[in-house]
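What follows is a set of notes on a single structure, which appears directly below.
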Amino acid sequence: MDAALLLGLYRQMCLCRRFEEAAAKAYSQGKVQGFLHLYIGQEAVAVGAISAIEETDYIVSTYREHAHYLARTGDARGAMAELFGKATGCSGGRGGSMHLFDARHRFLGGWAIVGGHVPIAAGVAFASKYREEPDVTLCFFGDGTANQGAFHEGLAIAAVWKLPLVLICENNQYAMGTPLYRTLSVEDVSVRARGYPMEAEIVNGDDVLEMREAVRHAVDRARKEKLPFFLEAKTYRFRGHSVADPAKYRTKEEVQKWMERDPIGLLAQRIQHLGIANEGQLQALDEEAKAQVQDAVEFAEESPAPAPETVAEYVYA
Amino acid sequence: MDAALLLGLYRQMCLCRRFEEAAAKAYSQGKVQGFLHLYIGQEAVAVGAISAIEETDYIVSTYREHAHYLARTGDARGAMAELFGKATGCSGGRGGSMHLFDARHRFLGGWAIVGGHVPIAAGVAFASKYREEPDVTLCFFGDGTANQGAFHEGLAIAAVWKLPLVLICENNQYAMGTPLYRTLSVEDVSVRARGYPMEAEIVNGDDVLEMREAVRHAVDRARKEKLPFFLEAKTYRFRGHSVADPAKYRTKEEVQKWMERDPIGLLAQRIQHLGIANEGQLQALDEEAKAQVQDAVEFAEESPAPAPETVAEYVYA
Amino acid sequence: MPEPRVITFREALREAMVEEMERDPSIFLMGEEVGHYNGAYKVSEGMLDRFGERRVIDTPIAETGFAGVGIGAAMVGLRPIIEFMTWNFSLVAYDQLVNNAAKLRYMSNGQFTLPIVFRGPEGAAHALGAQHSQALESIYAHIPGLKVVVPSIPADAKGLLKAAIRDNNPVIFMESETMYSLKGEVPAGEHLIPLGVADLKRPGRDVTLVTWGKITHTALKAAEALAADGIEAEVLDLRTIRPLDEAAILESIRRTHRCLVVQEGWPFAGIAAEIITLVAHQAFDSLDAPPDRVTCLDVPMPYARNLESLVVPTPERVVGAVRRLLGRDDAPPQPVIAVRGR
Amino acid sequence: MPEPRVITFREALREAMVEEMERDPSIFLMGEEVGHYNGAYKVSEGMLDRFGERRVIDTPIAETGFAGVGIGAAMVGLRPIIEFMTWNFSLVAYDQLVNNAAKLRYMSNGQFTLPIVFRGPEGAAHALGAQHSQALESIYAHIPGLKVVVPSIPADAKGLLKAAIRDNNPVIFMESETMYSLKGEVPAGEHLIPLGVADLKRPGRDVTLVTWGKITHTALKAAEALAADGIEAEVLDLRTIRPLDEAAILESIRRTHRCLVVQEGWPFAGIAAEIITLVAHQAFDSLDAPPDRVTCLDVPMPYARNLESLVVPTPERVVGAVRRLLGRDDAPPQPVIAVRGR
Ligand SMILES: Cc1ncc(C[n+]2csc(CCOP(=O)(O)OP(=O)(O)O)c2C)c(N)n1
Ligand SMILES: Cc1ncc(C[n+]2csc(CCOP(=O)(O)OP(=O)(O)O)c2C)c(N)n1
Ligand SMILES: [Mg+2]
Ligand SMILES: [Mg+2]
């Protein structure tokens with residue numbers, strides 16, 4: 001086991017967790033506004049998946065994308081400033097929490113219409129194939145997305161055109177207040193893949209290493225054979241759908257049960273079990289993450305709002 | 001074998017065939033306009049399916065719906081007058097070939113946006129379940145429809161809500177000029193049903209009795225267990241996508257091969273083989289159908305066009 | 001004579017649905033989170049407990065699917081209320097509304113009526129960004145076969161929603177997140193407001209502010225500020241965009257001789273353009289000044305609050321436009337925001 | 001100086017695509033039946049043979065899917081031409097164009113440009129019925145972030161399509177089945193017409209007919225008929241709806257003092273309303289008569305030819321409207337078609 005790798009993953013997951021805790025705090029202070037969808041509890045999915053791909057591979061995500069953005073760019077300042085609606089944000093304060101973009105790092109959003117980004121991800125994969133480039137596209141979406149027409153059309157096209165697209169369904173059991181079973185006729189979202197058909201695999205989304213391995217396999221296949229792959233990551237969001245949601249639709253027991261497999265806790269145990277680091281050293285990494293987030297908050301606080309005279313810029317090129 | 005039944009089916013298939021031959025002729029004379037999508041070659045699907053259901057069951061179809069309309073209503077006059085754009089048409093001349101409606105006979109269209117009618121059919125089935133009525137809804141669509149978002153959403157909802165809906169995919173091998181294999185990643189459209197999952201069956205759409213049995217089974221199940229069913233009928237359209245299409249994308253041999261299993265010819269052979277009727281008697285039935293169509297054409301010719309002052313009627317109730 | 005009580009916009013909408021559903025078992029409510037979650041914005045709170053899962057139905061995230069289900073159910077005699085969590089999400093179902101709902105009756109020669117209401121909030125709330133902040137009445141009012149209703153106060157919300165539910169046509173009913181908690185007097189029990197009738201929310205003689213929905217309150221604030229300055233602005237709340245109460249608009253303009261339309265949506269081919277066209281054509285000679293409009297800036301909605309507040313119409317912008325309309329030499333110049341490609 | 005030749009509208013469009021694809025390997029054509037079938041209306045005839053399956057791509061019947069694929073491909077530097085078999089079918093992909101294509105650049109703070117053209121025929125052809133006969137520029141031109149082009153002659157079709165393909169924004173490019181065989185002089189080789197520039201198709205002094213696309217020919221026929229009667233109608237072909245050539249419109253109206261907009265689409269909040277609003281606001285004092293419009297009747301399109309011909313604008317209706325505008329006492333009365341709920 002590569003110690004540096006494990007510690008790096010741990011550090012990243014801490015960054016995601018601390019970032020969102022700080023974002024939630026800033027929201028309660030009115031410094032972050034609009035919708036804020038926290039990823040807390042799902043960190044192993046984004047961090048594990050993105051650790052398995054090349055920097056040149058593309059990422060397309062949803063409105064619950066802070067962790068995907070951080071795992072790809074490490075840029076806590078740009079993300080926090082965006083949440084604060086500042087000119088220094090990764091989308092200049094124009095996008096907000098749901099619309100993080102970083103063209104340079106091939107992080108292609110940040111989309112907030114459920115399923116609408118799946119065909120776009122297929123298009124990015126199409127472009128790689130068109131240009132005979134080796135890049136693979138990762139597309140993240142939720143369990144509730146599997147009933148949306150755009151999801152279907154994206155998969156149908158990826159299947160028939162054999163696009164290098166890895167579809168990662170983050171099955172966190174709920175679409176807003178709706179448990180999966182109420183809107184999906186099957187228990188596993190990956191059953192949907194059978195209709196195209198498309199290779200599919202179910203993975204424990206709370207185990208960052210399992211996630212990493214599964215994505216590595218899927219991406220290799222997509223890269224070499226130019227074939228799409230459907231990964232269903234079983235996970236859970238510890239918080240509400242957005243910070244405005246008290247999540248009363250879940251029992252304490254259920255939440256408790258999942259919190260016991262907190263992906264960060266699981267990784268910490270493994271690291272200590274392997275003797276790679278002790279609690280103190282892990283805490284130090286967490287402190288580092290906290291410091292980086294604190295720095296990001298200060299950066300966001302001190303950054304200027306977008307200049308009013310720019311309000312009509314970037315409507316057209 | 002019920003002789004009356006077989007002869008009745010034969011008579012109906014002849015009516016559909018002769019109706020469309022007459023429509024094509026009228027089109028060439030400029031009496032029928034717009035798009036005219038012929039069903040010639042597929043008659044066993046509509047006639048077999050609709051012969052298997054109750055008069056109170058609902059039918060929702062596409063722009064290629066003449067035969068479904070005739071099989072349900074027997075009303076050649078109303079259909080032909082509609083194609084002629086006359087006030088006596090089943091849609092008052094406002095709908096045209098693609099939009100035949102007959103509320104009284106529960107024939108609910110006649111829709112021309114690919115896949116758009118699938119959720120509507122699910123809604124009709126929903127209403128039957130809501131009112132605790134025993135009726136089942138039949139929804140006809142083509143092979144090319146299986147990639148459309150509305151198709152997916154209709155199936156997803158029918159599956160999770162357990163709606164009494166029988167989906168009949170008329171796989172005539174082509175979507176316009178495109179052979180199925182070029183746009184579908186699977187050979188059988190019914191594979192799509194696995195993703196929901198939904199009971200599915202492939203049936204020889206050129207055998208009216210096989211079609212009838214399959215639909216009877218599917219409808220019984222839908223009626224009793226309130227469960228959707230996916231039927232894929234393998235068939236072939238002898239003509240182009242519409243009368244404007246020379247269908248150069250198919251080889252003579254291929255068309256020839258399928259014409260040898262002309263559903264009307266197959267049924268005629270079976271009837272004679274069973275000694276139910278001889279060629280002359282079958283010809284008499286065909287003559288009857290021709291006469292009915294001739295009457296319908298004359299009726300359409302003599303009927304008045306819609307009154308100009310009604311142009312703005314029926315926009316709102 | 002039902003006696004009025006003060007309740008919220010949200011409660012008024014719920015009351016309308018509950019009363020109608022009590023009256024007619026063929027009415028049901030369907031949408032994302034309308035049942036067990038009691039509504040994303042709590043409009044349908046308590047309705048699942050009251051009517052059960054048969055009539056208050058949580059849907060998958062499949063707008064095309066459940067909009068189509070509503071249309072099919074309405075074809076055979078049910079009276080669906082379809083909730084879009086917000087109208088932004090109706091765009092994935094746009095084809096169902098435009099190609100199916102709006103056209104069925106006409107192309108079936110009147111064999112079918114389609115008694116269906118599509119409702120939910122629209123427009124900007126607070127910092128929801130470009131994909132979640134759209135006022136979309138124009139793209140629906142453009143379509144013959146649809147009716148479009150946009151209430152501004154709780155009493156109208158109840159009376160218009162009850163009328164919409166009883167209407168035998170597809171009705172687009174647009175609300176606003178930011179108004180759900182707005183309180184107002186609302187008659188208990190039977191209270192119906194016919195579709196297509198505008199309401200004079202404030203009389204005035206110097207200029208007519210034609211408006212509707214949430215922005216009515218922006219117009220009213222502006223009218224107040226103008227009054228302090230001796231300018232009497234009339235505020236005409238259309239309430240229904242389609243059918244449009246042309247008579248009420250023309251009657252008012254012929255009295256005030258000045259027309260300013262105040263709307264939230266984008267300007268280009270928006271509702272304001274239709275109203276100005278009506279006025280320019282039918283009341284040309286009674287106009288003392290060119291008709292004008294105050295709208296959202298012609299840009300997608302930015303997230304940053306300081307930018308967002310520049311984009312949405314404000315009382316200040318309305319006041320400035322009125323002063324220009326009245327030729328006040330102290331009027332601020334027309335703000336010029338150059339948008340390339342426009 | 002390229003010498004002109006007479007080719008069809010269809011050939012002009014093809015020439016534009018072929019020339020641009022020869023010039024730039026990042027351009028590809030994608031849509032239903034564009035390849036092996038050579039195009040539902042043969043616009044792309046021969047292009048598959050010329051460029052192969054890699055660059056001329058037949059799609060499944062999945063408009064949301066391939067519109068989204070185009071957007072994704074454009075995000076990373078390709079320049080897609082997406083063909084909708086007809087614009088009627090774009091309604092199932094409306095969300096992709098409005099919520100994604102139109103907003104990406106703004107909400108990413110300009111990090112992405114989206115060089116993509118969506119093209120295909122729109123409007124009524126002959127007896128295609130309610131779902132297949134829609135002129136839809138209004139619902140696209142309403143959206144900031146999109147450009148909308150609607151050419152009327154082969155030369156403009158080539159020059160504008162080449163410009164649209166080179167434009168770095170999402171461009172909605174609308175053609176017409178009924179014009180594909182229209183012949184006209186078209187410069188060979190390099191021929192570019194900038195987006196946003198109107199073209200005076202016929203000069204006149206008595207009234208300005210503002211129009212675009214296929215209906216330009218209706219306006220020209222009307223102008224001819226009027227000329228026989230001593231009325232000189234100017235025909236201004238906008239060519240591009242967004243960006244709108246406001247200067248050209250105002251310049252003409254200030255000369256003729258009379259404005260009639262002639263469009264195919266529905267009236268309510270249509271493009272004509274936007275143009276009349278512009279004129280009423282910017283040229284109010286130079287108007288000698290209320291601005292008016294001739295449009296489709298405000299109904300879904302009926303199938304029967306006798307009804308269809310009543311719905312679409314005709315030279316006769318344009319002539320009548322002009323005569324009313326000029327106050328000719330022998331002018332026919334404004335036709336009143338009452339549409340309930342409108
Ligand atoms: C087309 C559309 N419909 C509805 C919404 C509102 N909405 C936003 S997130 C969401 C739930 C999505 O659930 P899921 O796909 O499981 O993702 P998760 O939020 O659990 O990560 C809904 C209904 C939307 N944004 N887009
Ligand atoms: C959404 C949409 N896209 C495209 C079209 C144009 N179109 C009409 S029929 C057709 C082919 C449909 O093929 P299939 O589903 O196999 O039915 P078939 O015509 O073979 O009966 C197409 C592309 C349409 N009507 N609607
Ligand atoms: Mg989820
Ligand atoms: Mg087919």
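Letters A, B, ... are given to chains in the order of the sequence lines, protein chains preceding strands, and every chain is numbered from 1. Quick caveat, the model's predicted, so the values are computed rather than measured. Reckoned from all heavy atoms, side chains included, excluding hydrogens, waters and symmetry mates.
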| said: Looking at every non-hydrogen atom in both residues, tell me the closest pair between D:L128 and B:M98 and how far apart they are. | reply: O-CE, 3.3 Å
| Contact check, side chains of B:T178 and D:H36, non-hydrogen atoms, under 4.5 Å | no
| request: For B:A175 and D:I61, work out which heavy atoms get closest and say how close. | output: CB-CD1, 3.9 Å
| side-chain contact (heavy atoms from CB on, under 4.5 Å) between B:V311 and D:V311: does it pass, once the steps are laid out? | CA-CA 8 Å; B:V311 68; D:V311 172; 3.7 Å; yes
| task | Under 4.5 Å heavy-atom distance to chain B, tell me which part of D:E308 shows up: side chain, backbone, both or neither. | result | neither
| field | Heavy-atom proximity to chain D below 4.5 Å, by part of B:Y249 | value | side chain
| query | Do you know which of B:G116, B:A112, B:P308 has the most heavy-atom pairs under 4.5 Å to chain D? | reply | B:A112
| remark: Honestly, the part of B:M176 sitting under 4.5 Å from a heavy atom of chain D is both
| request: Check whether D:T59 gets within reach of chain B through its side chain, its backbone, both or neither, counting any heavy atom under 4.5 Å. | output: backbone
| Is chain B contacted by the side chain of D:L310, its backbone, both, or neither, given a heavy-atom distance below 4.5 Å? | side chain
| For B:I113 and D:Q131, which heavy atoms make the closest approach, and how far apart are they? | N-OE1, 3.6 Å
| Mind checking whether B:F35 and D:H132 have ring centres under 6.0 Å apart? | yes
| said: Out of D:M301, D:H126, D:R305, return the one with the most heavy atom pairs under 4.5 angstrom to chain B. | reply: D:R305
| query | Among B:L184, B:T310, B:T183, which residue forms the greatest number of heavy-atom pairs with chain D at distances under 4.5 Å? | reply | B:T183
| message | So does B:P306 get a backbone contact from the side chain of D:N306, meaning a donor-acceptor N/O pair under 3.5 Å? | response | yes
| said: How close do B:N147 and D:P60 get, counting heavy atoms only, and between which atoms? | reply: ND2-CB, 3.5 Å
| message | For D:Y37, which atoms come within 4.5 Å of any heavy atom of chain B: side chain, backbone, both, or neither? | response | side chain
| Heavy-atom closest contact (B:E82 atom, D:Y303 atom, distance) | O-CE2, 3.3 Å
| said: So for B:A307, is it side chain, backbone, both, or neither that comes closer than 4.5 Å to the heavy atoms of chain D? | reply: backbone
